[in-house]
Amino acid sequence: MGIIGVDEHRQRILAAVRPLPAEPLPIAAALGRTLRVDAAAPHDIPAFAGSAMDGFAVRFDDVRDASPSRPVRLRVVADLPAGTAADPALGPGEAARIMTGAAVPSDADAVVPFEDTAGGLSDSLTEAVVLAAPARRGRHIRTRAEDAAAGAVVVVAGTRLGSRQLAAIGAAGVAQVTVSRRPRVVVLSTGDELVSPGTAAARGRVHESNGLLVASLVAEADAEVVHVARVPDDPAALRRELDAAAGADAVITTGGISAGAYEVVKQAAAMEFVRVGMQPGKPQGFGAGSPLLFGLPGNPGGTAVSFEVFVRPALLAMQGRTSIDRRRTLLPVATGWTSRVGREEYRPVVVADDGVHPLPGDPIALGRAEAYAVIPARTGVVHPGDLVSVMLVS
Ligand SMILES: Nc1nc2c(c(=O)[nH]1)N[C@H]1C(S)=C(S)[C@@H](COP(=O)(O)OP(=O)(O)OC[C@H]3O[C@@H](n4cnc5c(N)ncnc54)[C@H](O)[C@@H]3O)O[C@H]1N2
Ligand code: MOO
């Protein structure tokens with residue numbers, strides 16, 4: 001069996017992904033969901049011209065020549081707190097006391113902050129003595145529609161709804177969004193050697209960590225973990241778990257896919273098994289049915305990288321996410337290392353001020369990994385000072 005490229009395997013997986021149904025949700029319940037229909041402003045934002053300062057709404061022409069030596073006295077004829085719907089008329093020589101956020105009277109075309117008056121806030125309800133001219137007509141007024149005009153797209157479909165996106169939609173006055181259903185994912189760790197953390201160490205036993213690793217990665221990809229289980233190297237037991245997972249959108253197994261005698265996933269799962277030109281993560285299984293089946297290698301470093309390269313993009317594509325890849329950036333190498341020619345290497349690294357430092361591929365070092373340096377298959381030695389492509393994962 002030959003070796004296929006990382007992109008080829010990824011393309012096969014992405015070609016099998018179907019978008020999940022969309023559903024309406026209140027914005028307060030939509031954190032982490034993917035927007036499926038553009039969220040648009042239903043009206044101009046702001047919907048009215050408002051004050052950006054606490055002070056006085058004035059007629060610009062009244063105060064355009066104001067200065068400390070030539071103060072301008074205005075009669076205060078109204079008091080406008082934020083939230084008021086009042087629109088008092090202002091004649092020449094008149095002003096309204098106004099608070100930040102309040103609607104500016106239609107007759108006013110500038111706001112003078114309290115700091116530019118003789119009396120300030122303390123003496124503000126009868127007369128305003130303006131000591132400085134506003135720099136221009138419209139000064140300190142937020143104009144109607146200056147943030148977005150009615151109909152403008154506030155957040156585009158395909159975007160993850162994080163804190164800032166949800167706040168922007170709320171600021172537009174929109175209460176409900178159309179978002180993707182979350183993928184339902186089952187996580188199965190295979191291996192007779194596995195025991196739970198907390199169990200005494202013993203010869204031959206390995207503490208199970210992939211279940212938590214993959215379930216956490218699934219949650220970080222905004223999908224829902226519906227079931228996590230440890231499965232012995234018994235094909236009948238794995239078949240039972242796979243049958244029970246029939247209603248899920250994806251099943252992710254770890255272990256049991258290489259060349260040994262007890263490769264339970266190979267024996268029991270309806271997957272195609274391939275060798276991919278990457279290090280770690282060479283053995284891979286994938287089933288394009290429903291649910292999608294991902295057979296990841298069991299060594300935790302390989303599991304983590306395989307998830308990033310193959311599973312996460314698929315889970316995001318299911319949700320209708322436009323950007324399905326981790327951000328990559330070029331960074332200098334601080335400490336060099338040797339890389340295996342013929343396989344694209346995903347080297348866990350620490351990102352420091354002087355560049356990236358490689359980590360070993362073991363499950364304990366994984367706890368310090370902040371990113372993966374992606375080294376082309378043809379590269380045998382990575383030298384200090386080289387610029388390498390780094391996939392950021394934290
Ligand atoms: N003759 C060959 N042997 C192997 C090959 C090969 O091409 N020819 N490939 C090697 C490569 S590369 C990898 S990667 C592994 C993948 O093997 P499996 O996916 O079948 O994984 P296991 O053998 O079940 O486990 C490998 C390793 O990881 C530990 N492990 C497994 N599951 C967990 C878990 N849930 N939590 C923590 N640790 C886990 C397991 O105990 C083993 O140490 O195959 C090579 N062999
Ligand atoms: O491909 Mo395996 O994941 O090297 O260890």
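We use all heavy atoms of the structure for the numbers below, so side chains are in, but hydrogens, waters and symmetry mates are not. What you are looking at is a predicted structure, and each value in this text was computed from that prediction instead of being measured. Numbering of ligands and ligand atoms starts at 1, following listing order. Positions are given from 1 along the sequence.
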Heavy atoms only: give me the nearest [X]-[Y] pair and the separation to one decimal.
X: R328; Y: S389; value: CD-OG, 3.6 Å
X: P360; Y: P348; value: O-CG, 3.8 Å
X: F273; Y: V265; value: CZ-O, 3.6 Å
X: L161; Y: A30; value: CB-O, 3.7 Å
X: A223; Y: L315; value: CB-CD1, 4.4 Å
X: V264; Y: P232; value: CG2-O, 4.1 Å

Shortest heavy-atom approach to [atom] - which of [options]:
atom: atom 1 (N) of ligand 1; options: A259, G260, G361; value: A259
atom: atom 1 (O) of ligand 2; options: E345, K282, R340; value: K282
atom: atom 36 (N) of ligand 1; options: P297, G191, S209; value: S209
atom: atom 13 (C) of ligand 1; options: P283, G302, G204; value: P283

Please report which non-hydrogen protein atom sits nearest to [atom], along with the residue it belongs to and the distance in Å to one decimal place.
atom: atom 6 (C) of ligand 1; value: K282 NZ, 4.2 Å
atom: atom 3 (O) of ligand 2; value: G281 N, 2.5 Å
atom: atom 22 (P) of ligand 1; value: G256 N, 4.0 Å
atom: atom 5 (O) of ligand 2; value: N299 ND2, 2.5 Å
atom: atom 14 (S) of ligand 1; value: N299 ND2, 3.3 Å
atom: atom 19 (O) of ligand 1; value: G298 N, 2.8 Å

P283 near ligand 2, heavy-atom distance under 4.0 Å?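 Right, P283 reaches ligand 2.
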
Mark yes or no for whether [X], through its side chain, and [Y], through its backbone, hold a donor-acceptor pair below 3.5 Å.
X: K266; Y: G256; result: no
X: Q11; Y: E8; result: no
X: D116; Y: L131; result: no
X: D354; Y: A334; result: no

Those atoms of ligand 2 less than 4.0 Å from some heavy atom in Q279: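 Reading through ligand 2 atom by atom, the close ones are 4 (O).
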
Looking only at heavy atoms, is any part of R343 under 4.0 Å from ligand 2, and if so is it the side chain, the backbone, or both, or is it neither?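 The answer is the side chain of R343.
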
Is it the side chain (CB and beyond), the backbone, both or neither of [X] that lies under 4.0 Å from ligand 1, heavy atoms counted?
X: T303; result: neither
X: R230; result: neither
X: S258; result: both
X: N210; result: both
X: P363; result: neither
X: E208; result: both

Taking only Lys NZ, Arg NE, NH1 and NH2, and the carboxylate oxygens of Asp or Glu, determine whether [X] and [Y] approach each other closer than 4.0 Å.
X: R75; Y: E94; value: yes
X: D243; Y: R240; value: no
X: R182; Y: D249; value: no
X: D325; Y: R10; value: yes

Does the protein put a heavy atom less than 4.0 Å from atom 43 (O) of ligand 1?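 There is no protein heavy atom less than 4.0 Å from atom 43 (O) of ligand 1.
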
Would you confirm whether any non-hydrogen atom of the protein falls under 4.0 Å from atom 10 (C) of ligand 1?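 No, there is none.
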
Test your reading of the structure: does [X] have an N or O sitting under 3.5 Å from an N or O of ligand 1?
X: P300; value: no
X: I257; value: yes
X: R343; value: no

Using the ring of each side chain (for Trp, its six-membered ring), is F286 parallel, tilted or perpendicular to F294, with breaks at 30° and 60°?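 Answer is tilted, since the angle falls between 30° and 60°.
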
Answer yes or no for P280: is there a heavy-atom contact with ligand 1 below 4.0 Å?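 False for this residue.
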
Does at least one non-hydrogen atom of R275 fall below 4.0 angstrom from an atom of ligand 1?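 In this structure, R275 fails to qualify as a contact of ligand 1 - no heavy atom is under 4.0 Å.
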
Knowing that exactly one of R321, R33, Q319 qualifies, which makes a side-chain hydrogen bond (donor to acceptor under 3.5 Å, both in side chains) with D222?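 The option that passes is R321.
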
For P280, is at least one N or O under 3.5 Å away from an N or O on ligand 2?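 By distance alone, the answer is no.
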
Show the atoms of ligand 1 that are less than 4.0 angstrom away from any heavy atom in E193.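 Here the atoms of ligand 1 in question are 31 (C), 40 (C), 41 (O).
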
